[in-house]
S.K.: 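Here it is: the structure, laid out below.
Here, residue 1 is the first one in the sequence, and each next residue gets the next number.
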Amino acid sequence: LNNLAMLEFDLPTPRPEIALQRIATAYEIAPNAVEVCDSYGQILQRLNRPREAIPMYEKTLRLMPNRIETRKLLAQCYEAIGRNDIK
């Protein structure tokens with residue numbers, strides 16, 4: 001489900017709502033899976049919902065603190081909501 005959700009954005013005609021449904025289902029099944037949490041954040045971010053993406057990225061980093069790409073995405077979300085003071 002995680003991979004299918006991410007692929008929904010790469011289709012010739014992206015289907016963001018289906019991507020969101022798939023990742024929400026994946027999260028219900030495996031709420032502590034690092035990849036699912038990260039993908040959920042990415043999908044929310046791509047849907048221009050950075051405030052909702054932030055908790056997913058933060059959870060991802062609690063589960064696996066060394067994920068540099070997740071840290072970069074989290075910083076983008078903070079910037080998008082005007083939180084440039086986060087270190």
Side-chain angles (χ1 to χ4, degrees):
L1 283 172
N2 180 69
N3 292 342
L4 288 173
M6 295 303 290
L7 288 172
E8 292 294 343
F9 281 99
D10 295 329
L11 294 172
T13 304
R15 300 185 308 178
E17 291 306 315
I18 292 174
L20 189 58
Q21 290 171 358
R22 289 182 196 264
I23 200 63
T25 301
Y27 186 75
E28 284 180 27
I29 294 168
N32 292 314
V34 173
E35 292 301 323
V36 171
C37 294
D38 188 72
S39 295
Y40 209 157
Q42 288 184 50
I43 288 170
L44 290 167
Q45 188 174 10
R46 290 174 85 172
L47 291 171
N48 199 30
R49 294 162 64 173
R51 286 187 192 281
E52 295 172 69
I54 288 170
M56 286 294 130
Y57 288 142
E58 289 175 342
K59 183 172 184 178
T60 300
L61 292 171
R62 282 193 304 276
L63 295 168
M64 189 175 278
N66 295 329
R67 289 179 66 103
I68 301 302
E69 289 304 313
T70 302
R71 289 183 181 282
K72 291 177 184 177
L73 294 169
L74 178 59
Q76 290 173 5
C77 288
Y78 282 136
E79 187 174 352
I81 65 168
R83 295 281 313 269
N84 297 327
D85 58 331
I86 303 298
K87 294 185 179 165

S.K.: Could you measure the distance from the CG atom of Asn66 to the CD1 atom of Ile68? Nearest 0.5 Å is fine.
M.R.: 6.5 Å
S.K.: Do Tyr57 and Gln45 touch side chain to side chain, with heavy atoms closer than 4.5 Å?
M.R.: yes
S.K.: Hydrophobic cluster membership, with links at side-chain heavy-atom distances under 4.5 Å among I/L/V/M/F/W/Y: are Leu73 and Ile54 in one?
M.R.: yes
S.K.: With a 4.5 Å cut-off on side-chain heavy atoms, are Glu79 and Gln76 touching?
M.R.: no
S.K.: Identify the heavy atoms of Cys37 and Pro31 that sit nearest to each other, and give their distance.
M.R.: SG-O, 3.3 Å
S.K.: Working to the nearest 0.5 angstrom, can you tell me the gap between Lys59 NZ and Met64 CE?
M.R.: 14.0 Å
S.K.: Shortest non-hydrogen contact from Leu47 to Leu20?
M.R.: CD1-CD2, 4.1 Å
S.K.: Do Val34 and Thr70 have side-chain heavy atoms sitting under 4.5 Å apart?
M.R.: no
S.K.: Say you draw a straight line from CG of Leu7 to CZ of Arg15; how long is it, rounded to the nearest 0.5 Å?
M.R.: 10.5 Å
S.K.: Compare every heavy atom of Leu61 with every heavy atom of Arg67, then report the nearest pair and how far apart it is.
M.R.: O-CD2, 3.7 Å
S.K.: Heavy-atom distance under 4.5 Å between the side chains of Arg51 and Leu44, does that happen here?
M.R.: no
S.K.: Just by modelled atom types, is the Ala33 backbone N or O under 3.5 Å from a matching donor or acceptor in the Tyr27 side chain?
M.R.: no
S.K.: Count I, L, V, M, F, W, Y as connected when their side-chain heavy atoms are under 4.5 Å apart, and connections chain through other members. Are Ile23 and Leu63 then in the same cluster?
M.R.: no
S.K.: Rounded to the nearest 0.5 Å, what separates atom SG in Cys77 from atom CD in Gln42?
M.R.: 10.0 Å
S.K.: How many angstroms lie between atom CZ of Arg22 and atom CG of Asn3, to the nearest 0.5 angstrom?
M.R.: 11.0 Å
S.K.: Taking all non-hydrogen atoms of both residues, which atom of Asp10 and which atom of Met6 are closest, and how far apart?
M.R.: OD2-O, 4.0 Å
S.K.: Do you know the tightest heavy-atom contact between Gly41 and Ala53?
M.R.: O-CB, 3.4 Å
S.K.: Measure across Pro50 and Ile81 and return the closest heavy-atom pair with its distance rounded to 0.1 Å.
M.R.: CG-CG2, 3.8 Å
S.K.: Measure the spacing between CD1 of Ile18 and CD1 of Ile43 and express it to the nearest 0.5 Å.
M.R.: 12.0 Å
